[in-house]
4 protein chains.
Amino acid sequence: MVAVPRPVDPERHAARRRQIIDAGLTVFAARGYAGATTALICRTAGIGSGTFFHYFPTKADLLVAILELGTTETRDFFSAQDGRSDSAQVLLDYVRHAAANLEDERAAGFVNAVAGQTSTAAVAAALEAEDRAVRDGLYVWVERAQHDGSVRTDLPVSQLVAWIILVLDGFASQVAARAEFRATRETPMLLEQVQRLLDSGPDG
Amino acid sequence: MVAVPRPVDPERHAARRRQIIDAGLTVFAARGYAGATTALICRTAGIGSGTFFHYFPTKADLLVAILELGTTETRDFFSAQDGRSDSAQVLLDYVRHAAANLEDERAAGFVNAVAGQTSTAAVAAALEAEDRAVRDGLYVWVERAQHDGSVRTDLPVSQLVAWIILVLDGFASQVAARAEFRATRETPMLLEQVQRLLDSGPDG
Amino acid sequence: MVAVPRPVDPERHAARRRQIIDAGLTVFAARGYAGATTALICRTAGIGSGTFFHYFPTKADLLVAILELGTTETRDFFSAQDGRSDSAQVLLDYVRHAAANLEDERAAGFVNAVAGQTSTAAVAAALEAEDRAVRDGLYVWVERAQHDGSVRTDLPVSQLVAWIILVLDGFASQVAARAEFRATRETPMLLEQVQRLLDSGPDG
Amino acid sequence: MVAVPRPVDPERHAARRRQIIDAGLTVFAARGYAGATTALICRTAGIGSGTFFHYFPTKADLLVAILELGTTETRDFFSAQDGRSDSAQVLLDYVRHAAANLEDERAAGFVNAVAGQTSTAAVAAALEAEDRAVRDGLYVWVERAQHDGSVRTDLPVSQLVAWIILVLDGFASQVAARAEFRATRETPMLLEQVQRLLDSGPDG
DNA sequence: AATGAATGAGGATTCATTCAT
DNA sequence: AATGAATGAATCCTCATTCAT
């Protein structure tokens, strides 16, 4: 005759978590990590400060959770490409995918605001993990693309990877900084530029 | 016996100012704007906190001063190009020049740490001014280069400008984020990419 | 021609420190460690919260400083007894000395409020150090007193030490708890009890 | 269809109450009043926070309940001595009884942690009541013992009472503070000391 | 000019308590 | 009765800034 406690409702919990993560994304993007006060995040999420810390032990943990979401998303993307043989196309698909993510303006702002903000060991680790997920994901396909001759082979794989990321970072920067630079409108140009980056060149 | 106020020694004053600006650059780059405490800036500069506020009324004013230095530098660069007729070369020279600035690692970190940090109206204005200086400077030469046919004409001037800046921002990002991505070593690749960006393309 | 900065005035600094320590003693005694808010300590000391943390990096550090004062005081007492040969008298002198310290009512409250409050490693260590200073100090003289036959020898030194401390702790308890139990008035009784404790007994 | 409120099962209720009191004792002893969070008490008791406040309206009420248990226990002890004529023995029995209570280590810690913690009027009152129960209980028997000449008469009753309590408090202190000071092992010494305290002395 | 002690507003976090289920 | 999510007041501490020397 044990009282049946209300079973922890995992949906409710997950929903609240998402709600806070969403607010965190908004506020981190707008103010940077240090400038994002928990009070503002709470107000944005429409919750009390106590609730915040009920879900995330520290502000840094919220940032980590957001970053992990991104990391997972990246890993999922690359998992989904397994078995494809058109490696150059996979690379362009990733670029398109990354650009699509930036259509949520907050994503762009977030990336910029938080890059290099290694305020805590945990944050640094999460940042590093995310970076690694992208780098590892791209590495495989650049390598294959070099093997099948669909991208230039005069540069080391890691350098090409770095430059793809460079262009994507620059793209995020612009989306974040200038209202008139819209991810959607500029995506074709982005794809063209990455293609030019990977092309062997006239004398390749 | 009237107290004769010691006349301000302008050299001494300017030297101190530079010293603080230098420390500010270092610390802003390492920690971001909000993460850079005035105490740390003072310690880095080897001065007392009182001295800091003697030179800069607020922390934001230091940031503004640094940004203005950059703006001036950019304007000077473009002033110095007046009268040249090899417009495409001017563009590449600017890219080379910007990359050279990033050889001071702090510059790269600074750009990233401070981008979008519109903590104060004054800072926002300074950020905007710097952006405008680059954009205006480039605009003129892209326009001329389009006229003399040395760069692609299928895109509006402002879009080409935006993309040059995009690549430079991405470059700064990488320099700031990855120790193994060295400005000097990657500059040739940078120039190649900008050239590819400006090229008419195979069928242009 | 270096500007001569106002040399840090060590007297002023020490005075402020004492002022804060004094307030800490008062408030810790009245409220216990956890119940003593830094805000109340500051109000008691007549300083701003910033000043508090200028002198003590954390609340625990203030407690440690107070405890260290006590430890030093104890060590000084025993140092000053070096060379005496009337060991039993030294023991009674210590008891008298300890009782005299309790004439500041706050001392009694403090001892009680803070005993066993091992909130932090640093506090635990300071508490342990103070305990050790007393114990070590007494140990030497009890040992000598046993050798010269002026105290009972049917019990181990450490047990006699523990019981002297026990009576002193109980004394402090009473002083702290009951307004009508005044240290000064009860000191003769205290001395008598310690003497009875150390006596060989009728059949010794 | 009137809802019939499930009649409170008093046994169940009392059991839960004891369970919480037990956890409270443990945690107050280990951490002090302020340091004992309700969350920790709940975890220790194996209940949810809601349940806690279902049984005790505030944290202070739990403390009061524990103190009242002690007060009742003391009153019960003295009630049980009614009619005895060997008054000095009753005093020693009480001391033995009090020492036996301290064999539960938590009791010693509790007494120390909570002494003087007059955080709330209700707590202060409960503390005062417990103190009074002991004092009143002892008073009667010291008075009788003085009348029948079995304890010293050169001191007022209340002072002898205060000193018995003083030794017991000191004893509790030591038990709480030093693992090697075990209540059981030191009880003979305790009885001896109380006897010495009550003795008329060589010349009495 | 230079200093650093002093300040207090603001920020992250804790915790007793409430309440819907 | 039992639960634990939600709350916000209260706490410790940080930091930009002021000011007497």
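Just so you know, these numbers come straight off a predicted model, no measurement behind them. So you know, we letter chains A, B, ... as the sequences are listed, proteins then strands, and number each from 1. Scope of the values below: all heavy atoms of this structure, side chains included, with no hydrogens, waters or symmetry mates.
Interface residues of residues 51-68 of chain B facing DNA chain E, ordered by number: B/Thr51, B/His54, B/Tyr55; criterion, heavy-atom separation under 4.0 Å. Taken residue by residue, residues 14-34 of chain A places heavy atoms nearer than 4.0 Å to DNA chain F at A/Arg16.
With sequence neighbours excluded, the residues forming a side chain to side chain contact (heavy atoms under 4.5 Å, CB included) with B/Ala65 are B/Arg17, B/Ile21, B/Phe56, listed by chain and number. In terms of the side chain to side chain contact (heavy atoms under 4.5 Å, CB included) criterion, residue partners of A/Ala126 (sequence neighbours excluded) are, by chain and number, A/Val64, A/Leu67. A search for side chain to side chain donor-acceptor pair (under 3.5 Å) contacts involving C/Gln19 returns C/Arg16, not counting sequence neighbours. A search for side chain to side chain donor-acceptor pair (under 3.5 Å) contacts involving C/Thr72 returns nothing, not counting sequence neighbours. Applying the ring-ring contact (aromatic ring centres under 6.0 Å, His included) rule to A/Tyr55 yields the partners A/His13; only residues at least two apart in sequence or on another chain are considered. For C/Ser49, there are no side chain to side chain donor-acceptor pair (under 3.5 Å) partners two or more places apart in sequence or in a different chain.
Mapped onto DNA chain F by nearest heavy atom, B/Gly50 and D/Ser49 fall at different nucleotides, with D/Ser49 at the one closer to the 5' end.
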Mind listing the side-chain donor-acceptor pairs of residues 30-45 of chain A below 3.5 Å, one per line with the distance, residues two or more places apart or on another chain?
unit_1  : atom_1 : unit_2  : atom_2 : d
A/Tyr33 : OH     : A/Ala60 : N      : 3.2
A/Thr37 : OG1    : A/Leu40 : N      : 3.0
A/Thr44 : OG1    : A/Leu40 : O      : 2.7

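Sorted by first and then second residue, the side chain to side chain donor-acceptor pair (under 3.5 Å) pairs involving residues 119-130 of chain A (not counting sequence neighbours) form an empty list. Legend: salt bridge (Lys or Arg N to Asp or Glu O under 4.0 Å) pairs involving residues 19-28 of chain A, not counting sequence neighbours, sorted by first then second residue: A/Asp22-A/Arg106.
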Base-pair map of DNA chain E as dot-bracket, where | denotes pairing with a different strand and pairs are Watson-Crick or G-U under 3.5 Å: .||||||||||||||||||||
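For the pair B/Leu40 CG and F/dA16 C1', the interatomic distance rounds to 14 Å; values are reported in whole Å.
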